[in-house]
Protein chains: 2
Amino acid sequence: MKVKKSRLDAIRLILSTQEIGSQEEMLNELAKEGFTLTQATLSRDLHQLRVVKTVGVQGKYRYVLPRPSQYRHEGEQGEMRPAAVIQETAGYLSIKFSGNIAVIHTKPSYAGTLAYHIDNCDFPEIIGTIAGDDTVMLIIAEGTGHTAVLRALRSIIPNI
Amino acid sequence: MKVKKSRLDAIRLILSTQEIGSQEEMLNELAKEGFTLTQATLSRDLHQLRVVKTVGVQGKYRYVLPRPSQYRHEGEQGEMRPAAVIQETAGYLSIKFSGNIAVIHTKPSYAGTLAYHIDNCDFPEIIGTIAGDDTVMLIIAEGTGHTAVLRALRSIIPNI
DNA sequence: GGTTATATTGGAAAAATATGCATTTCATGG
DNA sequence: CCATGAAATGCATATTTTTCCAATATAACC
């Protein structure tokens with residue numbers, strides 16, 4: 001189906017853009033984008049996207065996207081590729097290296113999203129990432145140089 | 001308060017031991033442990049612990065503990081009390097090494113729990129861990145080989 | 001101790017979320 | 001084009017979770 005696919009994309013976009021605290025809220029945002037659907041359908045969509053309701057910093061509830069897993073398991077549906085790589089430099093500030101680790105600093109709260117995109121790229125140069133609030137740690141594959149990492153990252157962070 | 005503290009501990013233990021899909025379920029488990037409380041109180045407890053309801057691998061809902069090493073903010077009671085080591089393979093998928101870092105990939109949402117257990121073991125081979133959603137990073141002690149790490153981990157991940 | 005602020009809790013109700021069932025839509029292979 | 005099975009969806013409802021309010025219990029302070 002065409003509608004559902006783009007709706008799921010819209011949901012991902014909205015979740016990574018603003019703070020949504022309930023399905024009703026999300027329903028309103030989706031309505032602004034021209035999607036008409038009921039809460040029942042949204043519940044199913046969120047379930048499929050594995051979106052979770054967490055507790056934000058001020059104790060508020062908030063829906064958040066999961067980090068996509070690099071490995072697909074049996075029974076696991078839901079391919080989670082973002083439509084396109086972000087061309088904007090979404091919060092990127094700096095990158096530093098230390099041995100086989102790279103530390104990327106971002107503006108507050110941007111680390112998760114950036115890590116999300118890096119994960120999705122499945123770079124062979126990077127074997128894993130961990131994100132905090134404004135820091136992303138990358139573990140570099142053995143035998144891979146820093147420039148190789150930079151070159152890879154440049155595809156999603158042009159001005160790195 | 002004494003009761004609440006130990007109750008929160010019990011909740012953590014239960015969550016890392018078995019799969020809980022609803023607050024009612026948790027209430028039953030807590031009752032077995034001798035805790036009497038209403039679902040309203042449990043909802044508040046879970047909120048305070050920042051426990052989240054995620055979607056498990058078979059599409060089932062499941063409550064999971066927050067990541068141990070991240071999201072530790074001011075007010076939160078940070079002590080993750082030592083729990084009995086549980087023999088479980090919970091979500092383990094793979095492990096890769098790069099220098100003094102090991103990256104364990106798990107099924108979605110299992111990383112926090114796994115890191116929790118590894119931390120509790122206090123392996124001399126592992127000086128620290130960081131957990132994301134489906135990734136655990138281990139910082140290996142200087143002069144320790146990869147096989148030594150595997151050997152240590154085998155006590156909690158038999159089929160590693 | 002006595003008094004006042006803070007935290008904890010239960011009960012009930014509100015709010016939010018999930019799901020069974022029927023219907024429509026979509027995709028596929030004659 | 002039509003039949004057929006699968007997917008998507010809405011509606012109504014069941015289930016689950018959160019929150020309001022009042023009652024205690026706990027802690028802090030003088």
Side-chain angles (χ1 to χ4, degrees), chain A residues 1-12 14-15 18-31 33-66 74-80, chain B residues 1-12 14-15 18-31 33-66 73-79 108-109:
Chain A
M1 229 245 196
K2 188 83 168 300
V3 181
K4 183 177 180 183
K5 184 113 176 63
S6 65
R7 190 181 61 226
L8 293 186
D9 282 342
I11 290 174
R12 289 201 200 92
I14 290 171
L15 284 179
Q18 49 202 289
E19 306 218 343
I20 301 296
S22 73
Q23 299 188 359
E24 283 298 321
E25 230 175 290
M26 172 61 84
L27 233 40
N28 288 336
E29 293 304 320
L30 285 171
E33 303 288 337
F35 292 96
T36 53
L37 70 162
T38 58
Q39 175 271 323
T41 300
L42 178 56
S43 173
R44 293 173 183 124
D45 284 355
L46 294 180
H47 181 272
Q48 183 170 352
L49 289 173
R50 302 174 60 94
V51 165
V52 302
K53 192 183 187 182
T54 65
V55 182
V57 276
Q58 312 98 327
K60 285 293 182 185
Y61 286 98
R62 179 185 171 204
Y63 280 92
V64 300
L65 282 170
E74 351 64 47
E76 209 55 64
Q77 88 286 34
E79 188 56 30
M80 309 249 327
Chain B
M1 234 282 186
K2 187 82 169 301
V3 183
K4 184 176 180 184
K5 184 114 175 65
S6 65
R7 189 181 60 227
L8 294 185
D9 282 342
I11 290 175
R12 279 196 281 257
I14 289 172
L15 284 179
Q18 46 203 290
E19 307 220 340
I20 302 296
S22 74
Q23 299 187 0
E24 283 299 321
E25 229 174 291
M26 172 62 85
L27 233 38
N28 289 335
E29 293 304 320
L30 285 171
E33 303 289 336
F35 292 96
T36 53
L37 70 162
T38 58
Q39 176 271 326
T41 300
L42 178 56
S43 174
R44 294 174 184 121
D45 285 353
L46 294 180
H47 180 273
Q48 184 170 352
L49 289 173
R50 303 173 62 92
V51 165
V52 302
K53 192 183 186 182
T54 66
V55 181
V57 277
Q58 313 97 328
K60 285 292 183 185
Y61 288 98
R62 174 182 168 217
Y63 279 94
V64 300
L65 284 170
H73 296 301
E74 344 68 49
E76 299 303 326
Q77 78 296 325
E79 290 308 313
S109 85

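Chain naming here is simple, since letters A, B, ... match the order of the sequence lines and numbering starts at 1 in each.
Side-chain contact check for A:L15 versus A:V64: every heavy-atom pair is 4.5 Å or farther apart. A heavy-atom distance below 4.5 Å is not found between the side chains of B:V52 and B:Y63.
Close to D:dA7, at under 4.0 Å from its OP1 or OP2, lies no side-chain N or O of A:K4. Remark: B:Y63 is not in phosphate contact with D:dT16, judged by side-chain N or O atoms under 4.0 Å from OP1 or OP2.
Here the P atom of nucleotide D:dT9 and the CZ atom of A:R7 are 4 Å apart, to the nearest Å. D:dT16 atom C1' lies 16 Å from atom NE2 of B:H47, rounded to whole Å. Between the CD atom of A:Q23 and the P atom of C:dA14 there is a distance of 20 Å, rounded to whole Å. Atom CD1 in A:I11 sits about 13 Å away from atom P in C:dT17, given to the nearest Å. Note: CG (A:L30) to P (D:dT9) measures 12 Å, nearest angstrom. For A:F35 and D:dT9, the CZ to P distance is 11 Å, given to the nearest whole Å. For B:L46 and D:dT17, the CG to C1' distance is 10 Å, given to the nearest whole Å. In this entry the distance linking CG of B:L49 with P of C:dT8 reads 12 Å, nearest Å.
With sequence neighbours left out, B:E25 forms a side-chain hydrogen bond (donor to acceptor under 3.5 Å, both in side chains) with no residue at all. Partners of A:A40 by side-chain contact (heavy atoms from CB on, under 4.5 Å), not counting sequence neighbours, listed by chain and number: A:T38, A:R44. With sequence neighbours left out, A:R7 forms a salt bridge (Lys or Arg N to Asp or Glu O under 4.0 Å) with A:D45. Under the side-chain contact (heavy atoms from CB on, under 4.5 Å) criterion, B:Q18 pairs with B:I14, B:I20, B:E29, sequence neighbours left out. Taking the salt bridge (Lys or Arg N to Asp or Glu O under 4.0 Å) definition, one finds that A:E19 meets it with A:R62, sequence neighbours left out.
Here the closest heavy-atom approach between residue B:Q23 and residue B:L42 is recorded as O-CD2, 3.2 Å.
Residue-level contact check: B:L37 touches the backbone only, with heavy atoms under 4.0 Å from sugar-phosphate atoms and none from bases. When heavy atoms are screened at a 4.0 angstrom cut-off, A:S22 is found touching the sugar-phosphate backbone but no base atom. Here A:L42 lies out of heavy-atom contact (under 4.0 Å) with every strand.
Comparing C:dA18, D:dT18, D:dG10 by their closest approach to the side chain of A:T38 singles out D:dG10.
Remark on DNA chain C: of its neighbouring residues B:T41 and A:E24, the 5'-side contact belongs to B:T41, judged by nearest-heavy-atom nucleotide.
The distance from the OG1 atom of B:T41 to the CG atom of B:L30 is 11.0 Å, given to the nearest 0.5 Å. Of the inter-residue distances, the one linking B:K53 atom NZ with A:K53 atom NZ reads 9.0 Å to the nearest 0.5 angstrom.
For a distance-only test at 3.5 Å, the side chain of A:Q39 qualifies as a donor-acceptor partner of the base of C:dA18.
Axis angle across the helix from C:dG1-D:dC30 to C:dG30-D:dC1, with five pairs used at each end and values rounded to 10°: 40°.
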Check the interface with nucleotides 20-22 of chain D: list each N/O to N/O pair with the protein under 3.5 Å, or write none.
{"unit_1": "D:dC20", "atom_1": "N4", "unit_2": "B:R44", "atom_2": "NH2", "d": "2.5"}

